[in-house]
Amino acid sequence: MLAVGSSVIYPMHGGARITGIDEHEYDGKKVKYYILTTLCSKMTVSVPVESAERLGMRSVAKPSYTTKIEAALRDIPDVQKIKSISWNRRLQLYTEKLKTGDILEVAKIYKVLKILDGMKKISVGERRLLHTAKNIIISELMLMNDESEVQATEWVDEKSK
């Protein structure tokens, strides 16, 4: 079991700190929950300790992983192939990938949506995913490299040009 103060990554929310561990009764059994506070949105999330790994909660990537994230942000995807998929299908695919919590997949999604957004106006749902993906990347970088939100944001903006 992780301790209060530990840093973790939680899918769809990004970097978070464990700010508490609560115990509640559920169906007559006592269940322990990690209380997470996300870095970028300051939202509080409760995650059952027993299910945390299955739900995708993981430890923060090592700082050396930054180069892999940079490569994913610099890679130019096949935009014509991506544009051939309807926006609502893309939204569904990208949401499924974000739920995995894989930071490289998040970086690829961010890059694709950023390119599409630069070409034409993207849907409201895709715009929301664009911002979610960027915040997930920023929050992981903040924890990986022990840097501020401003520093991580500048890094993402620079590497995804």
Side-chain angles (χ1 to χ4, degrees), residues 2 6-19 34-47 51-161:
L2 297 169
S6 297
S7 297
V8 296
I9 304 299
Y10 191 63
M12 296 297 291
H13 299 286
R17 296 212 194 278
I18 298 175
T19 55
Y34 292 120
I35 307 303
L36 308 179
T37 301
T38 61
L39 294 183
C40 289
S41 64
K42 305 296 184 221
M43 182 172 39
T44 300
V45 180
S46 295
V47 180
S51 306
E53 190 174 321
R54 182 179 54 77
L55 294 172
M57 193 171 94
R58 64 175 173 80
S59 59
V60 178
K62 301 213 178 309
S64 60
Y65 216 70
T66 304
T67 56
K68 292 181 181 183
I69 297 169
E70 180 178 355
L73 290 173
R74 289 203 186 272
D75 188 36
I76 305 297
D78 182 356
V79 178
Q80 292 308 318
K81 182 179 175 184
I82 293 163
K83 284 173 61 176
S84 69
I85 303 169
S86 67
W87 69 266
N88 53 348
R89 179 68 181 132
R90 278 195 314 260
L91 184 66
Q92 181 182 15
L93 291 170
Y94 294 159
T95 301
E96 289 171 12
K97 286 183 178 186
L98 284 180
K99 287 180 181 178
T100 68
D102 182 337
I103 189 65
L104 294 180
E105 288 298 321
V106 174
K108 290 174 187 176
I109 291 166
Y110 174 72
K111 181 66 176 197
V112 167
L113 290 173
K114 187 171 191 301
I115 289 171
L116 290 176
D117 189 43
M119 295 172 70
K120 64 179 179 80
K121 188 175 179 179
I122 58 177
S123 70
V124 173
E126 285 181 310
R127 184 169 310 287
R128 195 174 320 117
L129 273 186
L130 174 68
H131 294 295
T132 298
K134 185 175 185 180
N135 283 337
I136 290 170
I137 297 166
I138 289 168
S139 64
E140 183 136 9
L141 288 168
M142 289 169 62
L143 294 172
M144 280 174 39
N145 301 320
D146 192 29
E147 57 190 16
S148 71
E149 187 172 351
V150 170
Q151 290 170 311
T153 301
E154 288 172 354
W155 187 89
V156 170
D157 290 342
E158 173 63 30
K159 303 304 179 187
S160 61
K161 285 184 180 176

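What you see is a predicted model; the values in this text were computed from it and never measured. The basis for the numbers below is simple: all heavy atoms, side chains too, and nothing from hydrogens, waters or symmetry mates. Position 1 is the first residue of the sequence, and the numbers go up from there.
Counting heavy-atom neighbours within 6.0 Å of D78 CG, excluding the residue itself, gives a total above 12. Other residues, nucleotides and ligands contribute only 12 or fewer heavy atoms inside 6.0 Å of the NZ atom of K97. Few gaps surround CD on E96; more than 12 heavy atoms of other groups in view lie less than 6.0 Å from it. When the shell of 6.0 Å around NZ of K81 is examined, it contains 12 or fewer heavy atoms from other residues, nucleotides or ligands.
A heavy-atom distance below 4.5 Å is not found between the side chains of W155 and N145. No side-chain heavy atom of Y34 sits under 4.5 Å from any side-chain heavy atom of V8. Residues L129 and L113 have side chains in contact (heavy-atom distance under 4.5 Å, counting atoms from C-beta outward). A heavy-atom distance below 4.5 Å is found between the side chains of P77 and I115. Side-chain contact check for M144 versus I69: some heavy-atom pair is nearer than 4.5 Å. You'll find the side chain of Y110 reaches within 4.5 Å of the side chain of L73, heavy atoms only. Residues K159 and T66 are not in side-chain contact: their nearest non-hydrogen atoms beyond the backbone lie 4.5 Å or more apart. Put simply, the side chain of K134 reaches to within 4.5 Å of the side chain of T153, judged on heavy atoms.
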Q: Just do the side-chain contact (heavy atoms from CB on, under 4.5 Å) check on I9 and I103 with the steps written out, would you?
A: CA-CA 9 Å; I9 304 299; I103 189 65; over 6 Å; no
Q) Under the side-chain contact (heavy atoms from CB on, under 4.5 Å) criterion, do I138 and C40 qualify, and how do the steps go? A) CA-CA 8 Å; I138 289 168; C40 289; 4.2 Å; yes
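To the nearest 0.5 Å, atoms CE (M142) and OG (S7) are separated by 10.0 Å. Atom CD1 of I136 and atom CE of M12 lie 6.0 Å apart (nearest 0.5 Å). Atoms CZ and CD, on R90 and Q92 in that order, are 13.0 Å from each other to the nearest 0.5 Å. From M119, atom CE reaches atom CD1 of I82 across 9.5 Å, with rounding to the nearest 0.5 Å. Taking OG1 from T19 and CG from L36, the interatomic distance works out to 7.0 Å, rounded to the nearest 0.5 Å. Going from atom NZ of K68 over to atom NZ of K62 covers 12.0 Å, rounded to the nearest 0.5 Å.
Nearest heavy-atom pair across L116 and K83 is CD2-CG, 3.6 Å. The heavy-atom pair separating A61 from E140 by the smallest distance is N-OE2, 3.0 Å. Looking at every heavy atom in both residues, S139 comes nearest to G15 through OG-N, 2.6 Å. Nearest heavy atom pair, residue A16 against residue L143, reads N-CD1, 3.9 Å. Shown here for G56 and P11, the closest heavy-atom pair between the two residues is O-CD, 3.4 Å. A133 and V106 get closest at one heavy-atom pair: O-CG1, 3.5 Å.
Within the 3.5 Å criterion, the main-chain N or O of Q151 finds a donor-acceptor partner in the side chain of S148. With hydrogens and angles ignored, the 3.5 Å screen pairs no side-chain donor or acceptor of S160 with any backbone N or O of K111. Of the possible donor and acceptor atoms, one in the side chain of K42 sits under 3.5 Å from a partner among the backbone N and O of L39.
Qualifying side-chain hydrogen bond (donor to acceptor under 3.5 Å, both in side chains) partners for D75, counting only residues two or more places apart in sequence or in other chains: none.
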